[in-house]
Amino acid sequence: MNQPTKLPSRSVVIVGGGLTAALVARQLTVQGVQTLVLERGTDRRDSAADRLPSQRDELRWAVHQGLMQDWSVQPYSLRHGRDEPSYPIRWMSAFLPGEGLGGAASHWNGHCWRWSRYDPVLRSHLEARYGKQAIPADMPLADWGVTYERLEPYHDLFEKLFGISGQAGNLRGRKLPGGNPFEAPRQHPYPQPPLQSLEAGLMFAEAAQRLGYHPFPQPGANSSGAYLNPDGQRLGACQYCGHCERFVCEAQAKATPELLLYPVLMKRPGFELRLRAHVLGVTYDAAARRVSGVRYVDLRDGREYEQPADVVVLGAFTMTNTRLLLLDRIGKPYDAAETSGVVGRNFCYQTCSGVELFFERRWINPFLAAGSTGTVIDDLNNDNFDHTGLGFLGGGSISTTVYNGRPIGSRLLPEGTPRWGTAWKAANARWYAHSLLLSAQGSCYPHRENFLDLDPDYTDAYGQPLLRMTFDFRDNELRMSEWVTRKMGEIAQSMLPDHMSAVEGIKPPFDTRVYQTTHVTGGTPMGTDPAHSVVSPHLQHWDAQNLFVVGASVYPHNSGYNPTGPLAALALRLGDELVDYTRRPRWLG
Amino acid sequence: MSDHPFKHSRWPASRRRDFLRQAAALAGAVALGPAETHAGDVPADATPSGTPSAPAAPAPFSGYEYFSPQEAAFVEALVNIMCPADAYTPNGVDCGLAIFFDRQLAGPFGQGKGRYLRGPWNAGPPQMGLQSPLTPAQFFSEGLRAANALSLSRHGKSFDQLEAAQAEGLLHEFESGGAASPAAVALADWFNALVYPLFVQACFADPLYGGNHDKVFWKLIGYPGLPATHALDMVQYRGKPYPGAASPKSIADFS
Ligand SMILES: Cc1cc2nc3c(=O)[nH]c(=O)nc-3n(C[C@H](O)[C@H](O)[C@H](O)COP(=O)(O)OP(=O)(O)OC[C@H]3O[C@@H](n4cnc5c(N)ncnc54)[C@H](O)[C@@H]3O)c2cc1C
């Protein structure tokens, strides 16, 4: 390769043009800090992806993953245990990182959570409640070094920017009917009322209430009405078309970075976006404990460029964030055998299970739905219930999972239905509009044998080693899933379905062929102890003063919620702290 | 979690009959296109009647891009077994399913778009997904060759010449992994990871891609299709039959 062309320096360079990048850039540029965003994908506004009728094409966008990372360029490899060979996942279905302006948040479903109040102090919380010995030695839970109260104003800001629809459950300590009683206290209600509940949600709520649980509507970024955000950007009202997750919303009714954040940024002086810029590395001076910029390929001319920067921020999703640190050896790679090193540790996923229900006489009409039209209970999530004597930690939110009626991927059939022929057709005709899925979105706590490193055998299209996952669902998660799923089965049973699928928790090994969630977390965990974390509570890399990392990669564990709320709050706070840092660079303490 | 390719078992025939009777009654109640006119005379067992009774016009044949004549014969037989003409739909060929297969294999999907195809190559556990150096189109053809070879050795005839029951039996062998096949082209993988998903897509994708001719499968299940601007519908028809389900619209209807 030719010597990379060196470009003029910038104050802050952000790798990735998704959600966190936009939020960091918003806080920086409003204070006049020069910011450059490098995104490997393109801008899909005004394309087939966000226009009718081409937007409503399940085969193109959902099945063939039209908006996702290109696996032929850069896949991940996997092994279920350290003693097994790894395999490149040649066509990944389990999780689907995004590519292009807006990142995965351009085609997300829109579920928008604040996590539990105790999530950022999970280790202390569990130790205080159950004693130090309750946390297994192979479960490296850690406090984040930041509290929920510190992040609350940023949660509030994010909810206002994205016009989140929902019902508050805990307003400054006051419990509100119809909301989530386990919610962390909020200073303000959601900016918009919740979305409509579906028939499935009404049925579930009725059953859950009867059993003493507390159902509430899923808070979401699918806009329940027309909305104007504090930056003057607009959302239309959701049309319940069932094309949210894996799709760009053509009605501009789902909050995304390219709809609400980037248009504002583009107008700000000092902001620059470079698309089709694939970042290959971060230039690191280990002795100085500083980075000097990044190297990227401009995919329009195929040439390599060196982009110097005063500050580098990695906002390129869990996997790239971790991989870039490993490629340039910024921080000591985690070694599971020795339990030493840090980069790659605390890699977590989500522990999901489902029960399918079939009702001859109820019209579920799954196509009249949106990404966040779930009805949820939080009673069995995380540490919202007493774990004494249960033999596991964590839990799951349980909800109706009726987000769309897309006929290739979302048709449910009773177990035992023939897979083709006349009887198969009859069953499809009979059950399509009359079935629903309940699912548990479970926590996934870290395990010392679950981690990320570089694959020794496989390389990507640029010749760089693939990121290798060593991951499986371990005992704690299997027991949790089994227990939570059984409880979900009880609710399901009490809804009196004509048929119901088997009630089974998640079973190992982790299966890449089945979509679960795109909630892979960890790899660059935050924390107060450099021996066990990659970045500080300020998201500053412990071994590179002017390098910051943001996104789900900084979570030391994964909670029983979708990940985006807290990582958005962390990104907004990081933006504010970087304004200060660029004026007075130092180790933030 | 829906129509899961790796989760299946069989029901007894009596249960299946039940199923059909109720399906017919139900279809009548919501006035679904094809079943509507035949609600009374759906056959009482699962045996296809052989006469297409659904009103949809056959798909205009437009020539195969990918298939050799032998492959075309195989696939036409396959889709007619998996989708026999019955009270619900015309046969698979008339539903455009073979054309869907052909177009998919000729196009970007078949040519391996978005699939990581670098070595080294090692056979792995199923959870790692297919670990074949072949593109989906190449894998399809190799599998088809192996399937035909099995058909010849078992029945002395190529797959397209088999009696329906023989063909059905072979498909079940592929599905369950019972069929002997060359190690590099396991027929169970071929059927479950490639053929079966293509079949489901052929039935339920937008007719733009050649299958689901005349939206016949959308009518069958009551999926209303486009434009799906349901802000009012979802309140008005919550818990009730949705009238738009009887006359779905597809991309072509809006183009
Ligand atoms: C199908 C789907 C549904 C989801 N639903 C929900 C939900 O309902 N609720 C929820 O909370 N979360 C959901 N998520 C997750 C949510 O999208 C992410 O949490 C969020 O987008 C994370 O923001 P980020 O900035 O870290 O990453 P992203 O928004 O993905 O942005 C990262 C960007 O970095 C770019 N990038 C990566 N590597 C490089 C490189 N080497 N060089 C240059 N650029 C690079 C990518 O192209 C991407 O645009 C969903 C995700 C998916 C895929």
Checklist entry - Are the aromatic ring centres of B/Trp218 and A/Phe367 under 6.0 angstrom apart? => result no
Checklist entry - If we only count heavy atoms from C-beta on, is the A/Asn428 to B/Tyr88 side-chain gap below 4.5 Å? => result no
Next on the checklist: Is the shortest side-chain heavy-atom distance between B/Leu130 and A/Arg90 below 4.5 Å?
Outcome noted: no
Checklist outcome for this item: chain B shares the most heavy-atom pairs under 4.5 Å, among A/Gln65, A/Arg56, A/Glu199, A/Lys425, with A/Lys425
Item to check | A/Ser93, part contacting chain B, at a heavy-atom distance under 4.5 Å | outcome: neither
Next on the checklist: Need one label for B/Pro108: side chain, backbone, both or neither, based on atoms under 4.5 Å from any heavy atom in chain A.
Outcome noted: neither
Next on the checklist: Using only atom types and a distance under 3.5 Å, with no angle test, would you say the side chain of A/Tyr458 pairs donor to acceptor with the backbone of B/Pro120?
Outcome noted: yes
Checklist entry - Mind checking whether A/Pro88 and B/Met128 have side chains closer than 4.5 Å, heavy atoms only? => result no
Item to check | Contact class of A/Ala370 relative to chain B, heavy atoms under 4.5 angstrom | outcome: neither
Checklist entry - Are any non-hydrogen side-chain atoms of B/Phe109 and A/Leu59 less than 4.5 angstrom apart? => result no
Checklist outcome for this item: Turns out that what part of A/Leu466 lies under 4.5 Å from chain B's heavy atoms comes down to side chain
Item to check | Check: A/Trp424 ring centroid to B/Tyr196 ring centroid under 6.0 Å | outcome: no
Item to check | B/Ala164 versus chain A, the contacting section by heavy-atom distance below 4.5 Å | outcome: neither
Item to check | Under 4.5 Å from any heavy atom of chain A - which part of B/Leu171 | outcome: both
